[in-house]
Amino acid sequence: MPQSPSMSPSTPPRSSMPPSLTAFARIFSDRGGPAAIVFGVAGVGIALLHIYQIATFHFPGGLFKGMHLTLALALSLLGLILRTPDDRPWARRLLALLALLSLVPLVYLIVEYQALIDDRSFFPNTADLVIAALLLALSLYVAIREWGPIIPGIAIAGLLYGYFGYLLPGVLFHNGFNLDRLLGYTSIPYFRGLLGGLTAVSASTIFIYMLFAGLLKSTGGLDLLMKVAFALSGRSRAGPAQAAVIGSGFMGMISGSTMANVASTGAFTIPMMKSFGFKPHFAGAVEAVASAGGQITPPKMGLAAFLIVGITGIPYVEVLAAATLPAIIYYGYLLFAVHIQAVRLDLGATHEARQVEGLPLMDVSMGRAFLMHGHPILAIVVLIVLLLTGTPANTAALYAVELTIGLEIVKRIVLGWRTPVAMVKSMGAPVLGGLARGAHSGAQVAVVVAVISVMVEMMVATGLAQKLSYIMLDLAGDSLWPLVFLAAITCLVFGVGMPTSAAYILVALLGAPALIELGVPVLAAHLFVFYLANMSAITPPVAVGCLVAANIAEASFMKTSFAAVRLGLPGFLLPFLFIARPEILGLGAPIALQVLVALLAGVALIAINVALEGVFTRRLTVLERLLLLPAAFGLFHPSWWTTGVGLLLFVIIIGRQIVIGRRAPLEQPA
């Protein structure tokens, strides 16, 4: 994910602004300057607009989708200006011109909205097509600058297919769209593509969660979560690695980006793990896998939870309930795996959390840390409670945002007793800065979701999505498990290099329909493709999450990637369990059976990890390692008698390890 404005180079601006304006500008960017003020005011304004819309539903849905996207483009372009060096004035001016140009579709939509939906729903005029082309061009440009060429390239490929489909042979043939119809499908007057249903999800739900994430970070909530993570695991044998797992999981739940999470938390967790004796490539792998896991962890699931709701129509609470136990298994396995690695290396990595350099709040007592930064954590608790009680996801996030801001104000009053003017100044960074940066993150996500939606629209409008499902079914011979493996490969390939939300949208269109056609429950099919698309972030040869982690760890990229695959084993195996044993998702099963299947899955994954590492309390024999593999298979298999045999094998081998381990210490590794 691109740098946020706060992370931009700290080149002093060439400005003679008054000190008060300079201080205000630095709330939004270390560089300060007029551009930072414009960015900050725009970000806060856009944030307040979304808060107002979610609270009142004042604007019609179609109009607000257009407002959401055009303002997201403008704010993203302003963010690019802040990241452009001062010695490139023409580049900065061009970006400023494009930011102003992005407001043209906004004004047009506001003025012409009623006529578009009443008079020109199917017959756009020339001005409509010009605005649609402008909106498409700006969206593609911003997506390239923010996310690289892959996603815009996919969207352009979809447009070319929509126009030239009549030239293609076989199942790829369709009659083709003329230019007017093609542009209509991209945005107006059909309100599809860039302004389709996924953009509606971004506008109504995802954006408000990004605001909440920005406030969590700016008010110290995420720093407190990291401190708690180190306090919980700091004295265990694999303390630094387990703290990194817990902390990165917390952060990944909120950030919505594996790469951004690795870059932020990995900057201090990876060097810390190395200093306690973990090998560089392993330290990088732990951070990459823990960050990827945040994308599958409720309540946000890297924003995909809301996309699943938007695409399938399944209630959010059901998605939340289905995804919770697999996420617990994922992190439980990862905590166990790093402990086994510490045992294998004979590390005794206990430490005091306050000894960790560079980690915020480490020099503050836990009580004072909670007093100063506990209010956003309370907002998280309130958010989860509201979601579990059936409150709409966007309304719950709205309350969490309002609660965080309100408690921040109360904190400033209670702890500071400052004058009103001084208090407003002190609240600038946590509240205004958090809203602006949250809005910027939401804008970046809005653009990528809108652009990938163009490809989705083309695949649906041309019938290609249905044809691809038939092709996959044909290749699999209408048999479920060959189709499952084919879909898994497709998800890993198509998820390469993409943010979680975009990867899920694409693979949901490619893989899920074919699985559903053969009787897989809708939610199981969508979680299957989502998990595997997300795991492409740690799958070689691309593995963008591992690429960032390996760079920080100064380790081999390929060694880091392969270590990440071993540590991320649940992310690759659990999706198959969703198909074989959908009870783990609570589909058609009582809660007791769901928990039992989850426990068996956790035991099976532990068996695989112990077999791969060759260590439990002591080193395993070759026979023990070989027997653990069929034990794991039996635990995964849906037949209860194979489950019983697998569990018996596991108990015998691990029991023997525990008994012998008490008598014979683990020998030092070679």
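The residues of the chain are indexed from 1 along the displayed sequence.
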Original post:
Ala508 and Pro513: which non-hydrogen atoms are nearest, and at how many Å?
Top reply: O-CD, 3.1 Å
Subject >> Contacts of Ala450 that satisfy side-chain contact (heavy atoms from CB on, under 4.5 Å) - sequence neighbours left out >> reply: Leu69, Leu194, Thr199
Subject >> Candidate list Leu464, Val456, Val529, Leu468, test side-chain contact (heavy atoms from CB on, under 4.5 Å), partner Leu509, passing option >> reply: Val456
Subject >> Interatomic spacing from CG in Leu386 to OG1 in Thr395 - rounded to 0.5 Å >> reply: 9.0 Å
Subject >> Verdict with supporting geometry, Leu135 and Ile188, side chain to side chain contact (heavy atoms under 4.5 Å, CB included) >> reply: CA-CA 10 Å; Leu135 190 57; Ile188 58 172; over 6 Å; no
Original post:
Can you find a heavy atom in the side chain of Tyr108 that is under 4.5 Å from one in the side chain of Asp128?
Top reply: yes
**OP:** Mark yes or no for whether Trp147, through its side chain, and Gln444, through its backbone, hold a donor-acceptor pair below 3.5 Å.
**Re:** yes
**OP:** Using modelled atom types only, decide if a donor and an acceptor are shared between the side chain of Tyr330 and the backbone of Ala290 within a distance under 3.5 Å.
**Re:** no
**OP:** Could you check if a side-chain atom of Ser139 sits within less than 4.5 angstrom of a side-chain atom of Leu73, using non-hydrogen atoms only?
**Re:** yes
Original post:
Does the pair Phe207 and Val445 meet the rule for a side chain to side chain contact (heavy atoms under 4.5 Å, CB included), with working shown?
Top reply: CA-CA 8 Å; Phe207 195 89; Val445 172; over 6 Å; no
Subject >> Side-chain heavy-atom pair Leu532, Val507 within 4.5 angstrom cut-off >> reply: no
Original post:
So, do Ile81 and Leu77 sit near enough that their side-chain heavy atoms are less than 4.5 Å apart?
Top reply: no
**OP:** Check Ala132 against Leu183 and note the closest heavy-atom contact, atom names and distance.
**Re:** CB-O, 3.9 Å
Original post:
Can you check whether Met472 reaches Leu515 side chain to side chain, under 4.5 Å on heavy atoms?
Top reply: no
Show the atom names and distances, to 0.1 Å, of all donor-acceptor pairs under 3.5 Å that link a side chain in residues 565-582 to residues at least two apart or in another chain.
| from | atom 1 | to | atom 2 | distance (Å) |
| --- | --- | --- | --- | --- |
| Arg566 | NH2 | Leu612 | O | 3.2 |
| Arg566 | NH2 | Glu613 | OE2 | 3.2 |
| Arg581 | NH1 | Leu635 | O | 3.3 |
| Arg581 | NH2 | His637 | O | 2.9 |
| Arg581 | NH2 | Pro638 | O | 3.4 |
| Arg581 | NH2 | Thr643 | OG1 | 2.8 |

**OP:** Report yes if the side chains of Asp180 and Leu129 come closer than 4.5 Å at any heavy-atom pair, otherwise no.
**Re:** yes
Original post:
What are the two closest heavy atoms between His68 and Ser202, and how far apart are they?
Top reply: NE2-OG, 2.8 Å
Original post:
What distance separates His440 NE2 from Ile46 CD1, expressed to the nearest 0.5 Å?
Top reply: 10.0 Å
**OP:** For the pair Glu583 (side chain) and Gln594 (backbone), establish whether a donor and an acceptor sit closer than 3.5 Å, ignoring hydrogens and angles.
**Re:** no
**OP:** Apply side chain to side chain contact (heavy atoms under 4.5 Å, CB included) to the pair Ile538 and Cys546, showing each step before the final yes or no.
**Re:** CA-CA 6 Å; Ile538 61 169; Cys546 295; 3.9 Å; yes
Original post:
Is there a donor-acceptor pair closer than 3.5 Å between any side-chain N or O of Ser536 and the backbone N or O of Ala533?
Top reply: yes
Original post:
Which residues satisfy the side-chain contact (heavy atoms from CB on, under 4.5 Å) test with Leu63, sequence neighbours excluded?
Top reply: Phe59, Pro60, Met67, Leu109, Ile110, Tyr113
Original post:
Looking at CD of Glu517 and OG of Ser469, how far apart are the two atoms once the value is rounded to the nearest 0.5 Å?
Top reply: 7.5 Å
**OP:** Can you tell me which residue pairs pass the side-chain hydrogen bond (donor to acceptor under 3.5 Å, both in side chains) test with a partner in residues 453-467, sequence neighbours excluded?
**Re:** Arg192-Glu457, Gln466-Tyr470
**OP:** Could you walk me through whether Phe64 and His50 pass ring-ring contact (aromatic ring centres under 6.0 Å, His included), step by step?
**Re:** CA-CA 9 Å; Phe64 191 69; His50 281 75; 5.0 Å; yes
Original post:
Looking only at heavy atoms, what is the nearest atom pair of Leu383 and Tyr209, with distance?
Top reply: CD1-OH, 3.7 Å
Review item, side-chain donor-acceptor pairs of residues 307-329, under 3.5 Å, at least two apart:
| from | atom 1 | to | atom 2 | distance (Å) |
| --- | --- | --- | --- | --- |
| Thr312 | OG1 | Ile308 | O | 2.6 |
| Thr312 | OG1 | Ile314 | N | 3.1 |
| Tyr316 | OH | Pro299 | O | 2.3 |
| Thr324 | OG1 | Leu320 | O | 2.7 |

Original post:
Under 4.5 Å between any side-chain heavy atoms of His526 and Ile516, yes or no?
Top reply: yes
Original post:
Do the side chain of Thr391 and the main chain of Leu387 share a donor and acceptor less than 3.5 angstrom apart?
Top reply: no
Only distances under 3.5 Å count here; give the side-chain donor-acceptor pairs of residues 164-174 to other protein atoms, sequence neighbours excluded, each with its distance to 0.1 Å.
| from | atom 1 | to | atom 2 | distance (Å) |
| --- | --- | --- | --- | --- |
| His174 | ND1 | Gly176 | N | 2.9 |
| His174 | NE2 | Tyr161 | O | 2.8 |

**OP:** Hey, could you give me the SG/CZ distance between Cys491 and Phe528, rounded to the nearest 0.5 Å?
**Re:** 6.0 Å
Original post:
Which atoms form the tightest heavy-atom contact between Ala292 and Asn534, and what is the distance?
Top reply: O-ND2, 3.0 Å
**OP:** Hey, could you give me the CD1/CG distance between Ile51 and Leu211, rounded to the nearest 0.5 Å?
**Re:** 5.5 Å
**OP:** Hey, could you give me the OG1/CG distance between Thr490 and Leu486, rounded to the nearest 0.5 Å?
**Re:** 4.5 Å
**OP:** Verify side chain to side chain contact (heavy atoms under 4.5 Å, CB included) between Leu134 and Val130, making sure each step is shown before the conclusion.
**Re:** CA-CA 6 Å; Leu134 175 61; Val130 170; 5.5 Å; no
Original post:
Of the non-hydrogen atoms in Lys65 and Phe191, which two are nearest, and what is the gap between them?
Top reply: NZ-O, 3.8 Å
Original post:
Looking at side-chain heavy atoms only, is the closest gap between Leu518 and Val484 below 4.5 Å?
Top reply: no
